[in-house]
Q: 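Please find one structure pasted underneath; my questions will follow.
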Amino acid sequence: MNEMTATPAMPAQSMAADCPLCVAPAEAPLWDDGFCRVIAVDDADHPGFCRVILNRHVREMSDLAEAEQMRLMRVVFAVEKVLRQCTDADKINLASFGNMVAHVHWHVIPRWRDDRRFPEAIWAAALRPTAPARKALTRERLRAAIINELGDDLREPRP
């Protein structure tokens, strides 16, 4: 079994030993309210790519109570809104698979018509060898925009 570290947001009893999303991350989240967290994904082809991760181990959205589903989706939609404001992306993709990591989490991905894989999924083989350089979206700017949208107390998102 993997050694895990419980955090205030992720008590040990809600974690799964073999789940990488249950292990305390090395990088601090952009936002965390104890229920879920938003992290930045380091992806040069998709600046601004974020994940919204439930802070306890749950395999499926339908395993959550309806109020929890709505709470999580409020955060996903807020991150989408922030990426629309902070990037010139042509589209924001929202994706939840769980095939590789069966822990409820959402990918919020800025996409451009001329990115290397568009219109295919970002995990597909590249259709073009290069894409135009994108303006970097700094972690600080992204974090500030998410806090502005969700609140800065890091415990409860705004309704």
Side-chain angles (χ1 to χ4, degrees), residues 2 4 9-10 14-33 35-66 68-150 157:
N2 296 340
M4 298 179 302
M10 293 186 297
S14 66
M15 297 167 50
D18 60 347
C19 176
L21 297 182
C22 287
V23 178
E27 182 178 311
L30 298 169
W31 184 86
D32 189 332
D33 72 346
F35 174 72
C36 67
R37 65 191 183 274
V38 179
I39 65 165
V41 177
D42 185 18
D43 184 335
D45 286 340
H46 306 94
F49 181 175
C50 291
R51 280 193 196 103
V52 178
I53 304 168
L54 188 67
N55 279 342
R56 71 178 196 273
H57 189 78
V58 174
R59 293 178 56 91
E60 305 291 347
M61 283 291 291
S62 59
D63 291 335
L64 297 173
E66 185 174 346
E68 293 175 311
Q69 293 169 3
M70 297 300 110
R71 183 176 177 182
L72 185 63
M73 293 314 296
R74 277 196 315 266
V75 175
V76 171
F77 297 147
V79 173
E80 176 194 29
K81 182 177 178 181
V82 163
L83 292 180
R84 291 181 69 196
Q85 294 167 348
C86 292
T87 72
D88 62 350
D90 296 307
K91 179 75 176 92
I92 306 296
N93 288 172
L94 304 177
S96 179
F97 302 111
N99 297 337
M100 299 298 290
V101 180
H103 178 125
V104 170
H105 65 286
W106 284 83
H107 303 269
V108 187
I109 312 160
R111 299 297 307 272
W112 290 265
R113 287 184 188 96
D114 58 358
D115 75 38
R116 294 179 60 220
R117 293 167 177 84
F118 194 87
E120 301 299 327
I122 67 165
W123 300 279
L127 302 173
R128 291 168 283 290
T130 61
R134 305 278 177 228
K135 182 178 177 184
L137 178 56
T138 67
R139 178 180 174 79
E140 294 76 25
R141 181 173 177 223
L142 186 55
R143 183 175 189 276
I146 291 170
I147 288 171
N148 185 60
E149 187 64 30
L150 288 169

Q: Donor-acceptor pair, Arg128 side chain versus Asp115 backbone, under 3.5 Å?
A: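 Yes, Arg128 side chain to Asp115 backbone: donor-acceptor pair under 3.5 Å.
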Q: Tell me whether Glu80 is salt-bridged to Lys91, with the criterion being a basic N under 4.0 Å from an acidic carboxylate O.
A: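 Not counted as a salt bridge, because no side-chain N and carboxylate O are separated by less than 4.0 Å.
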Q: Do Pro132 and Trp112 touch side chain to side chain, with heavy atoms closer than 4.5 Å?
A: no
Q: Passes side chain to side chain contact (heavy atoms under 4.5 Å, CB included), Phe49 versus Ile122? Steps please.
A: CA-CA 11 Å; Phe49 181 175; Ile122 67 165; 3.4 Å; yes
Q: Are any non-hydrogen side-chain atoms of Leu127 and Phe118 less than 4.5 angstrom apart?
A: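 Of all side-chain heavy-atom pairs linking Phe118 with Leu127, none is under 4.5 Å.
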Q: Tell me if the CE atom of Met70 is crowded by more than 12 foreign heavy atoms within 6.0 Å.
A: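 Atom CE in Met70 is crowded, with more than 12 foreign heavy atoms closer than 6.0 Å.
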Q: What distance do Thr87 atom OG1 and Arg134 atom CZ have between them, rounded to the nearest 0.5 Å?
A: 9.5 Å
Q: Taking the side chain as C-beta and beyond, is there a heavy-atom pair between Leu72 and Phe35 under 4.5 Å?
A: yes
Q: Is the distance between the ring centroids of Trp106 and Phe97 under 6.0 Å?
A: no
Q: Output yes when a side-chain donor or acceptor of His103 lies under 3.5 Å from a complementary backbone atom of Leu54, and no otherwise.
A: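 A pair under 3.5 Å: yes.
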Q: Counting heavy atoms not belonging to Arg59, are there more than 12 under 6.0 Å from its CZ?
A: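 Atom CZ in Arg59 is not packed in, count stays at 12 or less.
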Q: For the pair Arg111 (side chain) and Glu120 (backbone), establish whether a donor and an acceptor sit closer than 3.5 Å, ignoring hydrogens and angles.
A: yes
Q: Hey, which of Asp32, Ile53, Val82, Val75 is the one that makes side chain to side chain contact (heavy atoms under 4.5 Å, CB included) with Val38?
A: Val75
Q: Is Arg51 close to Val108 at the side-chain level, that is, under 4.5 Å between some pair of heavy atoms?
A: no
Q: Taking only Lys NZ, Arg NE, NH1 and NH2, and the carboxylate oxygens of Asp or Glu, determine whether Asp45 and Arg117 approach each other closer than 4.0 Å.
A: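 So Asp45 pairs with Arg117 through a salt bridge.
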Q: Counting heavy atoms not belonging to Gln69, are there more than 12 under 6.0 Å from its CD?
A: yes
Q: Say you draw a straight line from NE2 of His57 to SG of Cys22; how long is it, rounded to the nearest 0.5 Å?
A: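 Interatomic distance, His57 NE2 to Cys22 SG, rounded to 0.5 Å: 5.5 Å.
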Q: Using side chain to side chain contact (heavy atoms under 4.5 Å, CB included), reason through Leu150 and Arg74 one step at a time and then give a plain yes or no.
A: CA-CA 9 Å; Leu150 288 169; Arg74 277 196 315 266; 5.8 Å; no
Q: Take atom CD in Glu66; do more than 12 heavy atoms of anything else shown fall under 6.0 Å from it?
A: no
Q: Between Glu68 and Ala65, is there a donor-acceptor pair closer than 3.5 Å when you use the side chain of the first and the backbone of the second?
A: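 Indeed, once roles are kept as given, a pair shorter than 3.5 Å links the two residues.
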Q: Classify the ring geometry of Trp123 against His107: parallel below 30°, tilted from 30° to 60°, perpendicular beyond 60°.
A: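 Geometry flag for His107 against Trp123: perpendicular rings.
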Q: Would you check, one step at a time, whether the test side chain to side chain contact (heavy atoms under 4.5 Å, CB included) holds for Met73 with Val76?
A: CA-CA 5 Å; Met73 293 314 296; Val76 171; 4.1 Å; yes
Q: Rounded to the nearest 0.5 Å, what's the gap from CG on Asp63 to CZ on Arg56? Could you check?
A: 9.0 Å
Q: If you measure from NZ on Lys81 to SG on Cys86, what distance do you get to the nearest 0.5 Å?
A: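 Going from the NZ atom of Lys81 to the SG atom of Cys86 covers 11.5 Å.
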Q: Would you give the length of the straight line joining atom CZ of Arg143 to atom CG of Leu137, rounded to the nearest 0.5 angstrom?
A: 14.0 Å
Q: Determine, stepwise, if the pair Asp33 / Arg71 fulfils side chain to side chain contact (heavy atoms under 4.5 Å, CB included).
A: CA-CA 11 Å; Asp33 72 346; Arg71 183 176 177 182; 3.1 Å; yes
Q: Specify the closest pair of heavy atoms between Arg116 and Ala126, including all atoms of both residues, with the distance to one decimal.
A: NH2-CB, 3.4 Å
Q: Exactly one of Ile39, Val79, Ile109, Val41 should register a side chain to side chain contact (heavy atoms under 4.5 Å, CB included) with Cys50. Which one does?
A: Val79
